[in-house]
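These notes concern the structure reproduced below.
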Amino acid sequence: MEYSSRSIEKKWQEYWKQNRSFEPSTDFSKEKKYILSMFPFPSGRLHMGHVRNYSISDAFARHYRQQGLNVLHPIGFDSFGMPAENAAIKNGSHPKGWTYDNIDYMKNEFYALGFSFSREREMATSDELYTKFEQSFIIDMYEKGLLYRKKGMLNWCPHDQTVLANEQVVDGCCWRCDTPIVKKDMNQYYFKITQYSDELLGDLSKLEAGWPKQVLTMQENWIGKSNGLEFDLHFDEASKAKLSAAFERFDVFTTRPDTIYGVSYTALAPEHDIVTYMCENKLLSQESIAEITAMKNTSSIDRQKEKKGLSLGLDVIHPLTGAKIPVWIANFVLMDYGSGAVMAVPAHDERDFDFAKKYDLPINAVIKPLEGELDINAAFTEVGILFNSAAFDGMNSKESQSHVIDYFEANKIGKRTTNYKLKDWGVSRQRYWGAPIPFIHCDSCGLVMEKKENLPIALPEDIEITGEGNPLDKHPTFKHCKCPKCGADATRETDTMDTFVESSWYFLRFCADASNWESEAFSKEQIAYWMGVDHYIGGIEHAILHLLYARFFTKVFRDLGYINFDEPFDKLLTQGMVLKDGSKMSKSKGNTVDPDAIIEKYGADTARLFILFAAPPTQELEWNDSGVEGAHKFIKRFYDRSSNIVATQTIPLIAHATLNKEEKFARKKVYEALTRANDVFAERYTFNTMIAGVMEAMNALNTQNNSDVWSEGYWILTSIMEPVIPHVAWEISEKYFSCNNLSVQKVLEEVFVEESIMLGVSINGKRRAEIEVAADESEANIIQIAKDAAAKWLEDAVIVKEIVVPKKLVNIVIKG
RNA sequence: GCGGAUGUGGUGAAAUUGGUAUACACGCCAGACUUAGGAUCUGGUGCCGUAAGGUGUGGAGGUUCAAGUCCUCUCAUCCGCACCA
């Protein structure tokens, strides 16, 4: 029978659905595997990146099911977010309708690809039931002091009309629409992720075995811990007088306390309080104030182009020498790191050096190289020997650091401090299509939490989306409510949550049996059984944001007593991008390949086979039409040659010794493929080599016509390939084996035993001949046979050394 | 600038601990079947050379009987972070 992807795939998709084949068991005594791929945003249709993502996770899920494990392989949709609103503005659709239509369409695509998701645990984060529990968690976090509201300078995207977290600002532009962001002063809710900075950093070491190094490094850099010295710089009397005693000192942080004697000026950020005070009280010239205002309004990218600054006409006292040090403003000093003020050591810091050169400030060297002369035309930033540093003279600069800090601490003029680049996570968004923040503003009670029994605070559906401002603000009733505390008229918070909040705990929700979804988010017992996620698969683009937030939520939930582990994802696999013609598939480049069209033309199995065969999962994958043809050809041949099988209910028992050479070779190749497949699933994840092994075995089976060898071969190969090409595998397996082979297969060592083996013969490391020897041939005989085979190269030569590498080669070292 | 990766045939890629480099597939070439082939099957295919042979994993050195693999230096490309004091 001719291979027809359409009828076979339809048949099995229907069968799996009818038989609830992929629902996890609630029997918690069984060994489990939780296989999770990052859930998609319902943008409309699947793209090849999705197909790759879910083909990988599905291969794991199906493999573990064959092993008899209880497998959770769920799917959901990260369905809140701006694109739904943007589509609404563009097409006049409703965000909800647009979202759920897309979900329906994409679900059909998933099942047309044969992915073995649990249908019963499907959900979308915009479901009211999901919002209900999320709002409840938000209230818990607020009560724990992990959520707070404050006024601050925020990243504002003028195009999307919303606030962005620091993590969502890419090169000074909005991560979604690429519009340059501006700073805006407004109220915003924050998660206190910084309270967990140290743990988020420290626990990365627990992930070393299961996470790619690259991701660990990215998170480490993002958290950005640095240790150093913090101390106060006091103004001199004249400066204090100038400031009308409003300020007596300011705080600075340095990671280079060893350079303390080289401080020759200090610099404040243009946004610093002292600067603001001086501007407001006209303590600076009109010209200077204008310059400062211009600095503040310059985007962070432009600020980096050129160092600029000006003198404030103030002086502070050096804490150790008592010398007067001028105070400047510098555009490279960041207000949101440390205290927004730095001590400047131009001799040993490149930025300070450039600034000092430009404004002709003194440069005081205090460290000289370990060897050679100090070059005074550049900042010397390496480790060296201290000089001009009073009691610390002669010390190694690196080693002196803690001595300097000790001295500051002993004299109570400074202290050891740690600083982080990580900032608190701003989570409120001025958008409609998100989970409402369940808070109420009351004139007399202030900020009040909604009562839990009133959750969810659901989004009203009768809204008008114009693209300007937040539709919830303009809604006739949503905003108006009673204060849960005093009962007076109050206003409901109209900000909604960043969609990263939803994706920070969805993997916990999946652990809950859908039958309990109404009453609880998840149960402790369910979480204890299913978590952590054994394999988490997704794109590298989530290396920082999503993965950091999910780790943060896990720790918070632990501290709230919901769960009792520290890290959610045991193993992380970051898949490479899908490229076409050398660049990432994207609509704007017009180089996309529509999965639907591939399924239509070749079938789901072909798409899955190609995508897993073309490259290892972590590497980029170049789409190649003739490669797809090749994958399709293999499936056709795989299906076609199955006619060589004799139907059987158990694996055929074969007397290996009675077989001919080709038959033995075929069996060996089959079991080699099995060994490799086991290894691939256990640790290497290189499905391309697993598939290549199966292809080799097929080629070897083809050279013989023993029907038992064919049957045994297919019994095993079909089992190996089921995770990759499930439809055709089940079809063959049902027809000949009643699906009995879709289970753990045992490796038979006997097929690897060989009577004779081939050895390469090298002379001085150069391959010269090949010999066939008995498997148990003595080393002396092997050397003799090798010498005979390579006699031509050994004439007139003196043999220096003879090396036999068992089962591999013989190397003879000669002279002359 | 800092950090992380990656460089192997015409192409996607193999080579798990240093041990016969290029498995598997695409492409190409030849042949078979065929009215026909963008179907199927068989064989060939790193490069130079008629051959013997030489040469070959970005480049240059080194360690070793033996290096794609280890060490030193270097070049190129990609990704992340980036005035973080």
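Below, all heavy atoms of this structure are taken into account, side chains as well, without hydrogens, waters or symmetry copies. Here is the naming used below: chain letters follow the sequence lines, and residue numbers restart at 1 for every chain.
In the interface, the side chain of A/Asn221 is not paired with the base of B/C81 through any donor and acceptor atom under 3.5 Å apart.
Both distances falling under 3.5 Å, in either a Watson-Crick or a G-U wobble arrangement, occur for no nucleotide opposite B/G56. Pairing partner, B/C70: B/G62, with both Watson-Crick or wobble hydrogen-bond distances short of 3.5 Å. Using Watson-Crick or G-U wobble geometry with both donor-acceptor distances under 3.5 Å, B/U11 finds its partner in B/A25. Nucleotide B/A51 forms no Watson-Crick or G-U wobble pair with any nucleotide shown, as no partner meets the under 3.5 Å limit on both distances. Pairing for B/U17 is absent, with no Watson-Crick or G-U wobble pair whose two atom distances lie under 3.5 Å. Within the shown strands, nothing qualifies as a pairing partner of B/C33 under the Watson-Crick or G-U definition with both distances less than 3.5 Å. A 3.5 Å limit on both hydrogen-bonding distances identifies B/C81 as the Watson-Crick or G-U partner of B/G1.
Side-chain N/O atoms of A/Arg256 include none lying less than 4.0 angstrom from OP1 or OP2 on B/C84. Contact annotation: A/Arg676 does not reach the phosphate of B/A15 (side-chain N/O to OP1 or OP2, under 4.0 Å). Contact annotation: A/Asn688 does not reach the phosphate of B/A23 (side-chain N/O to OP1 or OP2, under 4.0 Å). At B/U6, none of the side-chain N or O atoms of A/Gln619 fall inside 4.0 Å of OP1 or OP2 (strictly under the cut-off).
In textbook terms, a nucleotide whose glycosidic angle is within 90° of 0 is syn, while B/G10, being further out, is anti.
Distance from the side chain of A/Asn811 is smallest to B/C65 among B/C84, B/C65, B/C24. Of the candidates B/G54, B/U16, B/A21, the closest approach to any side-chain atom of A/Arg768 belongs to B/G54. Proximity note for A/Val805 (side chain, C-beta onward) versus B/A25, B/C81, B/G19: the nearest is B/G19. Looking at the side chain of A/Ile544, the nearest of the listed nucleotides B/C65, B/C84, B/C81 is B/C81. You'll find that the side chain of A/Ile803 is closest to B/C65, out of B/A85, B/G4, B/C65.
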What's touching nucleotides 36-41 of chain B from the protein side, N or O pairs under 3.5 Å?
residue	atom	partner	partner atom	Å
B/C41	OP1	A/Arg641	NH2	3.2

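Ring geometry, A/Tyr714 versus A/Phe638: the interplanar angle falls under 30°, so the pair is classed parallel (tilted spans 30 to 60°). Between A/His348 and A/Phe380, the ring planes lie perpendicular to each other; the angle is over 60°, past the 30° to 60° tilted range. Using bins of under 30°, 30° to 60° and over 60° for the plane-to-plane angle, the ring pair A/Phe231/A/Phe408 lands in the tilted bin.
Nucleotide B/A15 holds its C1' atom 14 Å from the CG atom of A/Leu809, rounded to whole Å. In this structure, the NZ atom of A/Lys307 is 12 Å from the C1' atom of B/A82, given to the nearest Å. Atom CG of A/Asn624 and atom P of B/C24 are 18 Å apart (whole Å). The distance from atom CD1 of A/Ile540 to atom C1' of B/A5 is 10 Å, rounded to the nearest whole Å. Straight-line distance from the CE atom of A/Met218 to the C1' atom of B/G3: 10 Å, rounded to whole Å. Between the CD1 atom of A/Ile782 and the C1' atom of B/G19 there is a distance of 14 Å, given to the nearest Å. For A/Glu622 and B/U77, the CD to P distance is 19 Å, given to the nearest whole Å. The interatomic distance linking A/Lys421 (NZ) with B/G80 (C1') rounds to 12 Å, in whole Å.
Residue-level contact check: A/Val342 touches the bases, meaning some heavy atom is under 4.0 Å from a base atom. Counting any heavy atom pair closer than 4.0 Å across all strands shown, A/Asn699 reaches sugar-phosphate atoms only and no base atom. Heavy atoms of A/Glu620 sit under 4.0 angstrom from primed sugar atoms or phosphate atoms, though from no base atom. If you check every strand for non-hydrogen atoms under 4.0 Å, A/Glu220 touches nothing. Across all strands, A/Thr686 comes closer than 4.0 Å to no nucleic acid atom at all (heavy-atom distances). Among the heavy atoms of the strands lying under 4.0 Å from A/Lys766 are primed sugar atoms or P, OP1, OP2 only; no base atom is included. A/Val333 comes within 4.0 angstrom of a base, heavy atoms only. Backbone-only engagement by A/Trp793 is indicated by non-hydrogen atom pairs under 4.0 Å involving sugar-phosphate atoms exclusively. Residue contacts shown for A/Asp349 are absent, as no nucleic acid heavy atom lies under 4.0 Å away. Across all strands, A/Gln304 comes closer than 4.0 Å to base atoms (heavy-atom distances).
By the 4.5 Å heavy-atom criterion applied to side chains, A/Ile716 and A/Tyr671 are counted as neighbours. Side-chain contact between A/Val810 and A/Glu802 is absent, with no heavy-atom pair separated by less than 4.5 Å. Inter-residue side-chain proximity for A/Arg416 and A/Leu229 is flagged as unmet; no heavy-atom pair is nearer than 4.5 Å. With contacts defined as side-chain heavy-atom distances shorter than 4.5 Å, the pair A/Tyr639/A/Glu2 does not qualify.
Comparing the C1' positions of B/C33 and B/A39 gives an interatomic distance of 11 Å, to the nearest angstrom. B/U69 and B/U64 have their C1' atoms separated by 13 Å, given to the nearest Å. Comparing B/C24 with B/C70, their P atoms sit 26 Å apart, to the nearest whole Å.
A cation-pi arrangement is absent between A/Lys225 and A/Tyr420, since the terminal nitrogen or guanidinium carbon is not both under 6.0 Å from the aromatic centre and inside a 45° cone about the axis.
Residue A/Gln214 is the one, among A/Leu621 and A/Gln214, whose nearest nucleotide of RNA chain B lies closer to the 5' end (criterion: closest heavy atom). Each of A/Lys808 and A/Ala631 was matched to the nucleotide of RNA chain B holding its nearest heavy atom; the match closer to the 5' end belongs to A/Lys808.
Using a 4.0 Å cut-off between a side-chain N of Lys or Arg and a carboxylate O of Asp or Glu, A/Glu754 and A/Lys668 qualify as a salt bridge. Salt bridge present: A/Lys358 and A/Glu306 bring a charged side-chain N and a carboxylate O closer than 4.0 Å.
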- Message: A/Ser226 vs A/Tyr337, test: side-chain hydrogen bond (donor to acceptor under 3.5 Å, both in side chains). Steps then yes/no.
- Response: CA-CA 11 Å; A/Ser226 46; A/Tyr337 182 78; 2.8 Å; yes

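Judged by distance alone, the side chain of A/Thr703 and the main-chain N or O of A/Asn699 form no donor-acceptor pair under 3.5 Å.
Aromatic ring centres of A/Trp425 and A/Phe500: separated by at least 6.0 Å.
In the region residues 609-618 of chain A, proximity to RNA chain B at under 4.0 angstrom, judged on heavy atoms, holds for A/Phe613, A/Ala614, A/Pro616.
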